[in-house]
2 protein chains.
Amino acid sequence: MNKALLKSLLTTNNPFNSTDEVVAWIERRNREVEVRVEEVPFADLKGWHFEGETGNLVHDSGKFFSIVGIDVRTNTGYEQRWTQPIINQPEVGYLGIICKEFDGVLYFLLQAKIEPGNVNCVQLSPTLQATRSNYTQVHGGKKPAYLGCFQNAKPDQIILDQLQSEQGSRFLRKRNRNIIIRVDNDIVVGEDFCWLTLGQIKALLRRDNTVNMDTRTVLSGLRLEGKEEGSASFATDLFASERAKAGVMTLDEILHRLSELKLRYELVVEKMPLKDVTDWTVTSMEIVHKDRKYFRVLGVNVTIENREVAKWCQPIVQPLQEGLCVLFAKKIKGVLHFLLQAKVECGNFDVVEFAPTIQCLTGDFRKVAKPPTFVREFLDGSIRGRMLFDTKQSEEGGRFYHEQNRNVVMLLDENVELADRDNFIWLTLGQIKEFLRFNNYLNIQVRSLIASLQYV
Amino acid sequence: MNKALLKSLLTTNNPFNSTDEVVAWIERRNREVEVRVEEVPFADLKGWHFEGETGNLVHDSGKFFSIVGIDVRTNTGYEQRWTQPIINQPEVGYLGIICKEFDGVLYFLLQAKIEPGNVNCVQLSPTLQATRSNYTQVHGGKKPAYLGCFQNAKPDQIILDQLQSEQGSRFLRKRNRNIIIRVDNDIVVGEDFCWLTLGQIKALLRRDNTVNMDTRTVLSGLRLEGKEEGSASFATDLFASERAKAGVMTLDEILHRLSELKLRYELVVEKMPLKDVTDWTVTSMEIVHKDRKYFRVLGVNVTIENREVAKWCQPIVQPLQEGLCVLFAKKIKGVLHFLLQAKVECGNFDVVEFAPTIQCLTGDFRKVAKPPTFVREFLDGSIRGRMLFDTKQSEEGGRFYHEQNRNVVMLLDENVELADRDNFIWLTLGQIKEFLRFNNYLNIQVRSLIASLQYV
């Protein structure tokens, strides 16, 4: 691994700004910037309308995104056929981070960005976060800052460049380009921006709702193969796990298992008119399930000072329960492994993607009669281990309203034995990073947890 | 590489049956089996009907496949918006080959299989070739032979297991599981089956329309890293190229380029009712473009003796021109590279897939005013090189009627310099095989050409 990146990972101080100063700065931005998000009837949602024939909620330009219906058929899970509203945004957006070396340490340029759905208003987002509509300037706003740096980057500046999926049960096949570039020249640091080490970002990840989903997904792909032999710290285990290209299963065996599961599980998702979706109602104020569960779509009128456009209306999705994502880690034959779940989600590009060991986002896991695998044992403490990470993290505030989910990494005691299930697979960190290089293997929730792994 | 596989690759004799005997055997099967394929009006296509609301051509069971419309929008190519009929088969089929070692040489069990669309009636197909409808027995026919071997295979029997895409301009996101398993126990060799070495299969690939598309795609994924240093043969170059994990570009650079292209190219494909497709007509006998180009869909009444079901009706797609697929190879800095084209096709899972250097399948490349890149120079001989392979190969005869395309591998002279185009990328064979491990990177035409590479 690049020395400057390793130093960045292990550095939690910063001559420009300490982590505490960053927190104070975010809080100050929170106070300074005026943000108003008010719920309005769809009839007052300027620029948006329900399309006559389909009842879909669309932007007048036909761009941005829309709320449409889908008809889902599968042969796995609690329900095997249902219809639901979903965000349709069949395009690729940019999530880009610029980094630069100062005194042998790599720094990442993050932005204190406000999104209408954010719990804390301001969260640390990538340098560039732009939908296709943003970067092609459909809305006629300002050109996103730093876009040119990414568009003009030379191949040797690229540290990472991956297309990754977004939330599979909320987005129909949405993806973003996750990219990190390295610059050598001086660049102007905008007033909402600051340079942070990877160690600082990881420290900030321990705070609830501070580092946004987009930053987490971009950073998850970084390869961090250190060589700290001999020390007994967890970081050493992480480095060793990342170097391990084979674990309890080889990569070929895992690919074989995935092929098997993709053959076994059927997933047919057809777009349908929103007005024909059953069990959901469109009222003047919301699109909601008859049992008021899963999520609801509402219209908001947003006023934010420091965005490209200061005022706009948009639909936004609000979850109706808090979610839980847990990643089990365990040392097996001396090598740290992570237990991933090959999970079918209706918006997946490719039937199954790897999800965290536990992922409960779509229903209230406390209320269902038969909770998903490991949920009960995790909650009642009968699976024994040590919490390495336990924080509330927000989903993307541009589409999701006040959504926060509990993110946990738990190191199981070495004597904990879990029954084999063929859709749960132990991978080394090296194997996880190999899958991350290729598209659509790890879902956004597991990427978020991988980004949260703590080395210091 | 496994010794037995290497020996199989380099062995063109066979104690069970010489290559000539196999050819004679195929020809005998051709004579023995009675095959009648007659074109019938759609009204007489038993089991199929045009759905009232959509005009889609569907099977009465709702299974198998259907002919539907798609509405395609893209920002690249000759046309940027069109509608067309397409085969909709949103499922994963099985393409499986069994292999077994005899006297230190690996043999592959192929089937002399008849498909209604085959030019030569009988072609060598994988051991198992089954759609989901086949292997779940929707049609109530016999259980496909050898299915159990694949369903019960243990992980250590798996040589290869990949989900790969089918023809992107004809199939809407169809994929098959390409799998090779190795058995140690004796298995009964059915009367239509025979054991062949990889060397024999490659020799048979040199004959027109003899080895079917499905066999070619399955075999393309085999990793063949030999260690024949020192010899000057082309096989040595192939082995060296397969060992080369980096070429003129590294894998990360190629992934970066692909991300860039997937961001640049838009591809939005929406299913639509067949009856609303413009420029295409549905008559009593065919579904055809107003200019009678691209392809037509017709109905056939099929009678074949040695299939699970001896008589059936089905729609089938007939191309209206012969196609051309060419793969350029060239030694660059002493390492053999192949020039792949990152190509947008409307049925692609993921916007672009790697295609051969030249792929002309959808229109008549001789008649268009501005033929695709390299076509003119290839045809008039101004790009100089040596033909390594030049054969007519059939597309899958279960869906395509008498479709054969010219498949060429051409070794360019080392002093030929082609202008850089960012959607044409030189890859080593090792890089190609790495992409083949993961889903949806190489299209079926380029996989077919990779399978055709000759080592002897």
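Within every chain, numbering begins at 1; the chains are lettered A, B, ... in the order of the sequence lines, protein sequences first and strands thereafter. Values below: all heavy atoms of this structure, side chains included; hydrogens, waters and symmetry mates excluded.
Side-chain contact between Asn439(A) and Tyr441(B): present, with at least one pair of heavy atoms (C-beta onward) separated by less than 4.5 Å. Within the 4.5 Å cutoff, side-chain heavy atoms of Asn440(A) are placed close to those of Asp350(B).
Applying a 4.5 Å heavy-atom cutoff, the residues of residues 424-436 of chain B that approach chain A are Glu434(B), Phe435(B). The interface of residues 154-161 of chain A with chain B, defined by heavy-atom distances below 4.5 Å, comprises Pro155(A), Ile158(A), Asp161(A).
To the nearest 0.5 Å, atom CZ of residue Arg177(B) and atom CG of residue Leu258(A) are 10.5 Å apart. Here the CG-CZ distance, from Leu263(B) to Phe150(A), works out to 12.0 Å after rounding to the nearest 0.5 Å.
By the neighbour-count criterion of 12 heavy atoms within 6.0 Å, atom CG of Asp420(B) is sparsely surrounded, having that number or fewer from other residues, nucleotides or ligands.
Residues Arg132(A) and Arg264(B) share a closest heavy-atom pair of NH2-O, 3.5 Å.
The candidate from Leu163(B), Val351(B), Asp252(B) with the greatest count of non-hydrogen atom pairs under 4.5 Å with chain A is Asp252(B). Between chain B and the residues Ile179(A), Thr250(A), Leu251(A), the largest count of heavy-atom pairs under 4.5 Å involves Leu251(A). In terms of non-hydrogen atom pairs under 4.5 Å with chain B, the most contact-rich of Glu270(A), Glu260(A), Glu253(A), Lys271(A) is Glu260(A).
For chain A, the nearby parts of Lys262(B) are the backbone and the side chain; heavy atoms of each come within less than 4.5 Å. Looking at Arg73(A), there are no atoms closer than 4.5 Å to chain B (heavy atoms on both sides), in backbone or side chain. Contacts of Arg437(A) with chain B are made by both backbone and side-chain atoms, with heavy-atom separations under 4.5 Å. With a threshold of 4.5 angstrom between heavy atoms, Gln162(B) approaches chain A through N, CA, C or O but not through any side-chain atom. In this structure, no portion of Asn176(A) lies under 4.5 Å from any heavy atom of chain B.
With sequence neighbours left out, the side-chain contact (heavy atoms from CB on, under 4.5 Å) criterion links Thr83(A) to Asp71(A), Met272(A), Val277(A), Thr278(A). Considering only residues two or more places apart in sequence or on other chains, Asn152(A) meets the side chain to side chain donor-acceptor pair (under 3.5 Å) condition with none of them.
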